[in-house]
A.B. asks: 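Take a look at this one; I'll ask things after.
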Amino acid sequence: MKKITIYTDGGCEGNPGPGGWAAVLAYGPHLKEISGGEPATTNNRMELRAAVEALEILQEACVIIFHTDSEYLKDGITQWVAGWKRSGWRTKSKKPVKNQDLWMALDKLTQKHQIQWEWVKGHAGQPENERCDVLAGQAIKKIRQQYTPVQLKALLDEFKTAPSDPSLF
């Protein structure tokens with residue numbers, strides 16, 4: 001199996017607000033950078049989106065060292081997902097798991113790979129993590145150029161009032 005190293009990051013300007021995500025994937029000397037954004041989202045959704053997008057582009061099962069500066073992402077995928085699945089995607093307090101759609105997608109994508117999840121301190125000079133931060137920031141800037149402030153506010157208002165339980169859509 002190929003050995004891949006992945007770094008991801010996600011962020012928002014406002015939380016919620018316009019958000020961006022990015023990933024840097026390394027295979028030997030080869031690097032691939034991907035990024036994107038959404039006009040109304042949260043930091044956590046962007047962290048999850050980065051992981052989902054990074055794993056989606058892999059075309060075969062790999063051994064992966066996955067670096068994230070999000071404890072939410074690392075703890076969620078390594079500690080919480082199994083319990084959520086057993087409880088029908090409910091938290092210990094019986095509430096629907098936030099970001100269930102992305103957690104389910106990530107859980108499915110992780111099944112074919114051997115992944116070692118590593119937490120890295122954000123904004124601490126780690127080059128690939130810093131690069132992801134720059135790419136995510138550029139994605140947010142692009143979103144701000146694509147939408148007027150009025151449009152962004154309307155999308156944010158819609159996001160804030162949408163049901164948080166994906167099964168209600």
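Quantities reported herein were computed from a predicted structural model and do not represent experimental measurements. Sequence positions, counted from 1, serve as the residue numbers for this chain.
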A.B. asks: Closest heavy-atom contact between Tyr72 and Asn99?
C.D. replies: OH-ND2, 2.9 Å

A.B. asks: How long is the straight-line distance from CH2 of Trp21 back to CD1 of Ile140, given to the nearest 0.5 Å?
C.D. replies: 12.5 Å

A.B. asks: How about Trp119 and Asp75: do any of their side-chain heavy atoms sit closer than 4.5 Å?
C.D. replies: no

A.B. asks: How long is the span from the CG atom in Leu58 to the CG atom in Leu25, to the nearest 0.5 Å?
C.D. replies: 6.0 Å

A.B. asks: Check this for me: Gln59, atom CD, are more than 12 non-hydrogen atoms of other residues, nucleotides or ligands nearer than 6.0 Å?
C.D. replies: no

A.B. asks: To the nearest 0.5 Å, what is the distance between OG on Ser35 and CD on Glu53?
C.D. replies: 10.0 Å

A.B. asks: Can Ile65 be reached from Val120 by stepping across I, L, V, M, F, W or Y side chains whose heavy atoms are under 4.5 Å apart?
C.D. replies: no

A.B. asks: At what distance, to the nearest 0.5 angstrom, does CG of Asp133 lie from CD of Glu128?
C.D. replies: 13.5 Å

A.B. asks: Please determine whether the number of non-hydrogen atoms from other residues, nucleotides or ligands lying under 6.0 Å from atom NZ of Lys112 exceeds 12.
C.D. replies: yes

A.B. asks: Does Gln138 have more than 12 heavy atoms from other residues, nucleotides or ligands lying within 6.0 Å of its CD?
C.D. replies: yes

A.B. asks: Would you kindly confirm whether Met46 and Leu55 end up in one hydrophobic cluster when ILVMFWY residues are joined by side chain heavy atoms under 4.5 Å apart?
C.D. replies: yes

A.B. asks: Give the C-alpha distance, both sets of side-chain angles, the deciding distance and a yes or no for side-chain contact (heavy atoms from CB on, under 4.5 Å) between Phe66 and Thr110.
C.D. replies: CA-CA 11 Å; Phe66 199 112; Thr110 62; over 6 Å; no

A.B. asks: Is Asp101 paired with Arg45 through a side-chain N to carboxylate O contact shorter than 4.0 Å?
C.D. replies: yes

A.B. asks: With a 4.5 Å cut-off on side-chain heavy-atom distances among I, L, V, M, F, W and Y, is there a chain of contacts connecting Ile57 to Ile4?
C.D. replies: yes

A.B. asks: Under a plain distance cut-off of 3.5 Å, with no hydrogens placed, do Gln111 and Asp107 share a side-chain donor-acceptor pair?
C.D. replies: yes

A.B. asks: I'd like to know if the side chain of Asn15 reaches the main chain of Asn43, judged simply by a donor and an acceptor atom lying under 3.5 Å from each other, with no hydrogens or angles considered.
C.D. replies: yes

A.B. asks: Do you know the tightest heavy-atom contact between Pro39 and Ile143?
C.D. replies: CA-CG2, 3.6 Å

A.B. asks: Where is the tightest heavy-atom contact between Arg90 and Trp84, given as atom of each residue plus distance?
C.D. replies: O-CD1, 3.6 Å

A.B. asks: Check whether any side-chain heavy atom of Lys98 lies under 4.5 Å from a side-chain heavy atom of Asn44, and answer yes or no.
C.D. replies: no

A.B. asks: Without swapping roles, check the side chain of Glu130 against the backbone of Gly125 for a donor-acceptor pair under 3.5 Å.
C.D. replies: yes

A.B. asks: Please tell me if the side chains of Gln126 and Lys121 come closer than 4.5 Å, counting only heavy atoms from C-beta onward.
C.D. replies: no

A.B. asks: Just by distance, with hydrogens left out, do Thr91 and Ser93 show a side-chain donor and acceptor under 3.5 Å apart?
C.D. replies: yes

A.B. asks: Using the rule given for side-chain contact (heavy atoms from CB on, under 4.5 Å), can you reason through Glu47 versus Thr68, listing the C-alpha separation, both sets of side-chain angles and the distance that settles it, and then say yes or no?
C.D. replies: CA-CA 8 Å; Glu47 295 284 1; Thr68 177; 4.0 Å; yes

A.B. asks: Identify whether Met104 and Leu102 are in the same connected component of the hydrophobic contact network (ILVMFWY, side-chain heavy atoms under 4.5 Å).
C.D. replies: yes

A.B. asks: Are side-chain heavy atoms of Ile115 and Ile77 found at a separation under 4.5 Å?
C.D. replies: no

A.B. asks: Minimum heavy-atom separation for Thr8 and Ile6, please, with both atom names.
C.D. replies: CG2-CG2, 3.7 Å

A.B. asks: Once you round to the nearest 0.5 Å, how far does NE2 of His113 lie from NZ of Lys2?
C.D. replies: 12.0 Å

A.B. asks: Closest heavy-atom contact between Trp103 and Val97?
C.D. replies: CD1-CG1, 3.8 Å

A.B. asks: To the nearest 0.5 Å, tell me how far Lys3 NZ sits from Tyr27 OH.
C.D. replies: 10.5 Å

A.B. asks: Can you name the closest pair of heavy atoms from Tyr7 and Cys132 and give their distance?
C.D. replies: O-SG, 3.3 Å

A.B. asks: Please check if Leu152 and Phe159 belong to a single hydrophobic cluster, counting links between Ile, Leu, Val, Met, Phe, Trp and Tyr side chain heavy atoms closer than 4.5 Å.
C.D. replies: no

